[in-house]
Amino acid sequence: MKYGIPRGTKDILPAEAKLWQLVEQACREIFALYDYSEIRTPIFEFTDLFTRSIGSGTDIVKKEMYTFADRKGRSLTLRPEATAAVVRAGIENNLISIESLAKLYYLGPMFRYERPQAGRQRQFHQAGVEVFGSADPRLDAEVIELSVRLFEKVGLKDLVVNLNSVGCPKCQPEFRGAIKKHFAQHISDMCQDCRDRLEQNPMRILDCKEAHCQKYLEKAPASLDYLCPECKNHFDQVVGWLGNLGIKYQVNDRLVRGLDYYTKTAFEVIARQLGAQNAVCGGGRYDNLVAELGGKATPAIGFAIGLERVISLITDHQLPITNEGNIKLFIATLGEAATKQGFALLSQARALGISADMDFLGKSLKAQLKNADRLKAAFVYVMGDEEVKKGSAGLKNMATGEQSEVEFSQLITRLK
RNA sequence: GUGGGUGUAGCUCAACUGGUUAGAGCACCAGAUUGUGGAUCUGGGGGUUGGGAGUUCAAGUCUCCUCACUCACCCCA
C-alpha cells in the first residue's frame with residue numbers, strides 16, 4: 001500500500017457512518033430539547049488560546065498539541081478541546097454576559113498527539129455543551145441530567161456518574177497544601193510518577209493506579225473536606241438537585257480533572273466495559289475562565305462527550321441499528337435502447353423524490369437483479385428493447401416476487 | 001515518551017520440531033437458467049506470508065532492523 005492513514009486517525013466507512021448519523025442526531029435533538037443552540041468554531045485557533053486556558057503545565061499543552069506556524073509565522077494549533085474556542089467565540093461575538101444566559105453546544109473533531117489505544121485517537125470527536133452567565137447549581141444538575149438523558153436515548157446502560165468538587169481559588173491552595181503535607185512523609189516509598197506529581201500537580205496523586213501507592217491514598221485528605229463555605233454550599237445544592245431530578249450519582253472525592261480551568265463541580269460519566277479509557281463524558285464548572293480569556297467575569301459550566309467511546313459501546317452491544325432498505329427502485333435493463341430509456345426514467349424518479357439506481361457496469365440481467373437484492377431495493381423495473389417498443393415493462397416487487405405490467409408514464413405514480 | 005502482544009487472500013483463520021506448487025470458510029465474479037434476486041451445485045479470479053537484511057541446501061516458520069496495528073502506562077473524551 002502506497003499511502004496509509006496517519007496514525008491515530010480512522011476512516012468512518014459507510015456502514016459505520018450510519019451509526020454516527022444516528023448518534024449525532026440524538027445529540028442535536030437532546031440539546032435542542034434543553035434549549036441549547038449550536039455554535040461552530042474553527043478547527044484551529046491561535047496557540048495561546050489553548051496554553052492560557054488549558055494550562056501550560058498540563059500534558060495536553062506540554063506534549064499533545066498539533067501546533068504549526070502558518071505562512072506569516074503565526075503559531076496555530078488544531079483544537080485539542082472545544083471549550084476554550086467556544087469561550088473565545090462567545091466573548092468576541094458578545095454572546096456571553098452576566099445579564100443573560102447563553103446555552104451553546106458543539107459537535108466535531110478534536111486533535112491530540114498521543115499514543116493511540118482503546119478509546120483514544122489523535123483525531124477524535126466530541127459533542128459538548130457550555131452554559132455561560134449563571135452560577136446557579138441547578139445548571140450543574142441540568143447539564144449532568146442532560147448527559148444522562150442523552151446516553152439513555154442512544155440506548156447505553158450501566159453508566160455511572162462520578163461527582164466531585166474541586167473547589168475554587170479560595171479553597172484550592174489549602175487543599176493542595178494538605179495533600180502535599182500528607183504525601184511528603186510517604187513519598188520516598190511511592191512510585192516515580194507520584195514523586196513527580198507531588199511537585200507538579202499534587203492532586204493527581206489521588207488517582208494513581210500503582211498498587212503499591214494505594215495504601216497511602218486511603219488516608220489522603222479529600223477535596224470535599226477543604227471546600228470553603230461557598231463551594232461547600234454549592235456542592236450540597238448540586239447534590240440536592242440531582243436527587244430531585246432522580247439522577248443517580250456517586251460522589252468520588254478522588255475525581256480530579258486534568259484541565260486547569262475547572263472550579264467547583266467536576267463530573268465524569270464512566271462506562272466500566274470500556275477498558276482503561278472509560279470516561280464517555282467529562283465536564284464541570286469553570287467560573288474563572290471567561291475572565292482569564294479577557295471577558296467580563298462570568299460563571300460557566302459545560303461537558304464534553306467522547307463520541308468514539310459512545311459509538312464503540314453501541315457497536316459492542318449490538319444496540320439499535322435500524323437497517324432499512326437503501327433504495328426504492330432499481331431499474332434493470334437489457335440492450336442499448338432499454339438502457340437509454342432506463343437512464344431517463346432513473347432521472348425522473350429521482351427528481352420526484354424516489355431513491356433509485358441502475359447498473360453502470362454492463363452486467364447481465366441476472367447480475368442486475370442480484371445487485372438490486374443486495375441494495376435492498378423495494379422494486380425492480382425490468383425492461384428490454386421489446387418493452388421500449390411497448391412503452392411498458394414489468395415492475396417487480398422484490399419482497400413478494402410478484403411482477404406486474406406498468407407503463408413508463410405510470411411508473412412514478414405507482415411508486416409514490 | 002515507556003512497556004507487552006500481534007502482522008498469512010477483501011474478511012475470519014489454517015500450514016507438525018524450518019521441507020515440495022502457502023490452504024479453507026465467507027465474500028466477489030461467471031456458468032447451470034440465449035431476458036429475472038435470495039437456495040443449491042460447478043468453475044474462476046485473487047497473496048512479493050507488512051517491508052528489508054541475515055542464518056541455512058531450504059524461511060510463512062529462526063535472528064536482527066524497520067513499519068503498522070493493538071493493549072497498557074503517562075494523561076484524557
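This structure is a prediction, so every number in the text was calculated from the model and none was measured. Proteins get letters first, then strands, A, B, ... in listed order; numbering begins at 1 in each.
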Quantified in whole Å, what is the [atom1] atom distance between nucleotide [N] and nucleotide [M]?
| N | M | atom1 | value |
| --- | --- | --- | --- |
| rU17(B) | rC28(B) | C1' | 38 Å |
| rA68(B) | rU8(B) | C1' | 15 Å |
| rG51(B) | rU34(B) | P | 45 Å |
| rA24(B) | rG31(B) | P | 23 Å |
| rG5(B) | rG38(B) | P | 48 Å |
| rG45(B) | rA30(B) | P | 15 Å |
| rA14(B) | rA72(B) | C1' | 30 Å |
| rG7(B) | rG43(B) | C1' | 33 Å |

Which pairs would a plain distance check flag for residues 59-67 of chain A, meaning a side-chain donor or acceptor within less than 3.5 Å of a matching protein atom at least two apart in sequence or in another chain?
unit_1, atom_1, unit_2, atom_2, d
D59(A), OD2, K63(A), NZ, 3.3
T67(A), OG1, T77(A), OG1, 2.9

Original post:
Tell me, for nucleotides 72-77 of chain B in 5' to 3' order, what letter each nucleotide earns: B for a base near a protein heavy atom under 4.0 Å, S for only sugar-phosphate near one, - for neither?
Top reply: BBBBBB
**OP:** If a protein heavy atom is under 4.0 Å from the base, mark B; if only from the sugar-phosphate, S; if neither, -; do that for nucleotides 25-44 of chain B going 5' to 3'.
**Re:** ---SS-----BBBB------
Could you check whether [Y] and [X], counting side-chain N and O atoms only, form a donor-acceptor pair closer than 3.5 Å?
| X | Y | answer |
| --- | --- | --- |
| R120(A) | Q117(A) | yes |
| Q123(A) | T9(A) | no |
| E130(A) | Y286(A) | yes |
| Q21(A) | Q25(A) | no |
| T265(A) | D140(A) | yes |

Original post:
Given Y105(A), which of F303(A), F31(A), Y36(A) fulfils the ring-ring contact (aromatic ring centres under 6.0 Å, His included) condition?
Top reply: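 Going through the options one by one, the only one that passes is F31(A).
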Using the side chain to side chain contact (heavy atoms under 4.5 Å, CB included) criterion, which residues pair with [X]? Sequence neighbours excluded.
| X | result |
| --- | --- |
| E145(A) | Y34(A), R149(A), L245(A), I247(A) |
| L76(A) | F44(A), F46(A), F68(A), D70(A) |
| M203(A) | F175(A), N201(A), V256(A) |
| P116(A) | R7(A), R122(A) |

**OP:** Quick one: which residue pairs count as a side chain to side chain donor-acceptor pair (under 3.5 Å) with a foot in residues 353-375 of chain A, not counting sequence neighbours?
**Re:**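 For residues 353-375 of chain A: R350(A)-D357(A).
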Original post:
Do any pairs count as a ring pair (Phe, Tyr, Trp, His ring centres under 6.0 Å) and have a residue in residues 327-361 of chain A, sequence neighbours left out, and if so which ones?
Top reply: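 For residues 327-361 of chain A: none.
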Under 3.5 Å, which protein N or O atoms sit close to an N or O of nucleotides 7-10 of chain B? Give each pair with its distance.
none

**OP:** Identify, with sequence neighbours excluded, every residue that meets ring-ring contact (aromatic ring centres under 6.0 Å, His included) alongside F183(A).
**Re:**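 Testing F183(A) for ring-ring contact (aromatic ring centres under 6.0 Å, His included), a comparison that skips the adjacent residues, returns none.
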Original post:
Dot-bracket for RNA chain B, 5' to 3', with Watson-Crick and G-U pairs under 3.5 Å, [ ] for crossing pairs and | for other-strand pairs: what is it?
Top reply: (((((((..((((.....[...)))).(((((.......))))).....(((((..]....))))))))))))....
Original post:
What is the distance, rounded to the nearest whole Å, between atom CD1 of I5(A) and atom P of rA68(B)?
Top reply: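 My rounded result for the distance is 13 Å.
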